[in-house]
**Q** 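Below you will find the structure I want to go over with you.
Values in this document were obtained by computation on a predicted structure and should not be read as measured data. Here is the naming used below: chain letters follow the sequence lines, and residue numbers restart at 1 for every chain.
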2 protein chains.
Amino acid sequence: MSRMDAEASRAFQLLVRFFFAQREQLPPPGDELELSPAQCHVLHLIDPDRPMPMGRLAGTLGCDASNVTGLVDRLEARALVRRRPSADDRRVKVIQLTPAGSRLRAQMLRRMTSGSCRLSRLSARDQQALVRILEALVGDQ
Amino acid sequence: MSRMDAEASRAFQLLVRFFFAQREQLPPPGDELELSPAQCHVLHLIDPDRPMPMGRLAGTLGCDASNVTGLVDRLEARALVRRRPSADDRRVKVIQLTPAGSRLRAQMLRRMTSGSCRLSRLSARDQQALVRILEALVGDQ
DNA sequence: GCGCATTGCTTTAGTTTGTCAACTATTGAG
DNA sequence: CTCAATAGTTGACAAACTAAAGCAATGCGC
């Protein structure tokens, strides 16, 4: 394994570890939030101001479309999300946060990135560097 | 939301996106590897030279111990992993890669961190910075 | 030594997550 | 209009996960 690959391998390992560590402080179990990790991700991905078609959701989550159907079913049953037919294409259904969903999302984001959280204990410099590097990694879109 | 929190929130969002993007290139479906994401993570976490007790596995994955039982069951059924009683404490079972498991792990790591992969397209400088920051984040252990 | 709470793992039962294949409805190309 | 492609749903099933109960080993207090 070359020098670069070793570095990449280590970075990858650390990213995975960080991901799981972060998961711990996701849904304080027994809380009224009570969202599964997958549901958190869906909620996280939908900007309150920019509803998202289910297909794009499946694409971003890297999973089957039929899986998204189930996820959205459960979120819709809890009135956190609404299916709306697209004006452009009647096959498409756009997922929109309800006010309750929007509130819950904000609360979740606050909880994950404030005070007690690992991320906010980094120096401002390191936080910016991290964001810059990650943006390069995901292609920014 | 303060300046710092915005940065942390963005970093978190990017991390999740990277995680899902990376997942795409995990198990080329229909491949002989044929590992589920969860199985990949277990395999990834076990260093061939340093077997790991199930409890620590559960801790790192941030999931219930009984879940790890199932994961290890399936890996053991495919002879990628072995349960061995610990010498120190007979309650503990340490998980050890078999030669086949070790080979598969190496192959997986190679595939995820070489050439085509996003991580290896970062500059060496950025790779090192990323590793340094992530180490601070996960506490290094 | 003896009790007794604790720890590490498994089992059972139940939900959620995820895949695949088949289906419906809509779209768009020819 | 015909036909292939696309968006989403359904049904059947495997895998991932949790909570609760249970078992064996540990270790602490006495």
**Q** Want to settle it: does A:Asp73 or A:Asp89 sit nearer the 5' end of DNA chain D, counting the closest nucleotide to each?
**A**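 It is A:Asp89 whose nearest nucleotide is closer to the 5' end.
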**Q** Taking CE from B:Met54 and P from C:dT11, how many angstroms apart are they, rounded to a whole number?
**A** 10 Å
**Q** Select one nucleotide: of D:dA16, C:dT11, D:dG8, the one nearest the side-chain heavy atoms of B:Thr69.
**A** C:dT11
**Q** Let me know, please, whether A:Asp88 or B:Asp64 comes out on the 5' side of the other along DNA chain C by nearest nucleotide.
**A**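 Per heavy-atom nearest nucleotide, the more 5' residue is B:Asp64.
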**Q** Between A:Val94 and B:Val68, name the one whose nearest nucleotide on DNA chain D is closer to the 5' end.
**A**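 Looking at DNA chain D, the more 5' nearest nucleotide goes with A:Val94.
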**Q** Could you state the atom-to-atom distance from CZ of B:Arg84 to P of C:dC9 in whole Å?
**A** 15 Å
**Q** So, does B:Arg83 get its side chain near the phosphate of C:dT10, meaning an N or O under 4.0 Å from OP1 or OP2?
**A** yes
**Q** Can you measure A:Glu76 atom CD to C:dT16 atom C1' for me and round it to whole angstrom units?
**A** 18 Å
**Q** May I have the distance from B:Lys93 (atom NZ) to D:dC23 (atom C1'), rounded to whole angstrom?
**A** 11 Å
**Q** What about B:Val72 and B:Met108, same hydrophobic cluster or not, with Ile/Leu/Val/Met/Phe/Trp/Tyr joined at side-chain heavy-atom distances under 4.5 Å?
**A** yes
**Q** Would the distance check show the side chain of B:Arg105 and the main-chain N or O of B:Ala100 forming a donor-acceptor pair, the cut-off being under 3.5 Å?
**A**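 Judged by distance alone, no pair lies under 3.5 Å.
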**Q** OP1 or OP2 of D:dA15 sitting under 4.0 Å from any side-chain N/O of B:Arg74?
**A** no
**Q** State the CG-CZ distance between A:Asp73 and A:Arg78, to the nearest 0.5 angstrom.
**A**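 Interatomic distance, A:Asp73 CG to A:Arg78 CZ, rounded to 0.5 Å: 14.0 Å.
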**Q** Can you say whether a donor on the side chain of B:Ser36 sits under 3.5 Å from an acceptor on the base of D:dA16, or the other way round?
**A**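 Between D:dA16 and B:Ser36, which were checked side chain against base, a qualifying N/O pair under 3.5 Å is absent.
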**Q** To the nearest Å, how far apart are A:Phe20 CZ and D:dA16 P?
**A** 12 Å
**Q** Do B:Arg91 and C:dT7 share a donor-acceptor pair, side chain to base, under 3.5 Å?
**A** yes
**Q** Of the nucleotides D:dA16, D:dA20, C:dG18, which one has an atom closest to the side chain of B:Ala38?
**A**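 Taking heavy atoms from C-beta onward, the closest nucleotide is D:dA16.
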**Q** How would you label the contact of B:Gly55 with the nucleic acid (heavy atoms, under 4.0 Å): base, sugar-phosphate, or nothing?
**A** sugar-phosphate
**Q** Can you tell me the distance, in whole Å, between the CZ atom of A:Arg78 and the C1' atom of C:dT16?
**A**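 That distance rounds to 13 Å.
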**Q** Give, for atom CG of B:Leu35 and atom CD of B:Gln107, the distance between the pair rounded to the nearest 0.5 Å.
**A** 9.5 Å
**Q** Look at B:Arg90 and D:dT26 and indicate whether a side-chain polar atom (N or O) is within less than 4.0 Å of OP1 or OP2.
**A**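 For D:dT26, OP1/OP2 do have a side-chain N/O of B:Arg90 under 4.0 Å.
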**Q** Starting at NE2 of B:His41 and ending at C1' of C:dG18, how long is that distance when rounded to a whole Å?
**A**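 These atoms are roughly 15 Å apart.
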**Q** Ignoring hydrogens and geometry, is there a side-chain-to-backbone donor-acceptor pair from B:Thr98 to B:Leu80 under 3.5 Å?
**A**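 Judged by distance alone, yes, a pair lies under 3.5 Å.
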**Q** State which of C:dG18, C:dT10, D:dT18 makes the closest approach to the side chain of A:Asn67.
**A** C:dG18
**Q** Specify the separation, in whole Å, of atom CD of B:Glu34 and atom C1' of D:dA15.
**A**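 In whole Å, D:dA15 C1' lies 13 Å from B:Glu34 CD.
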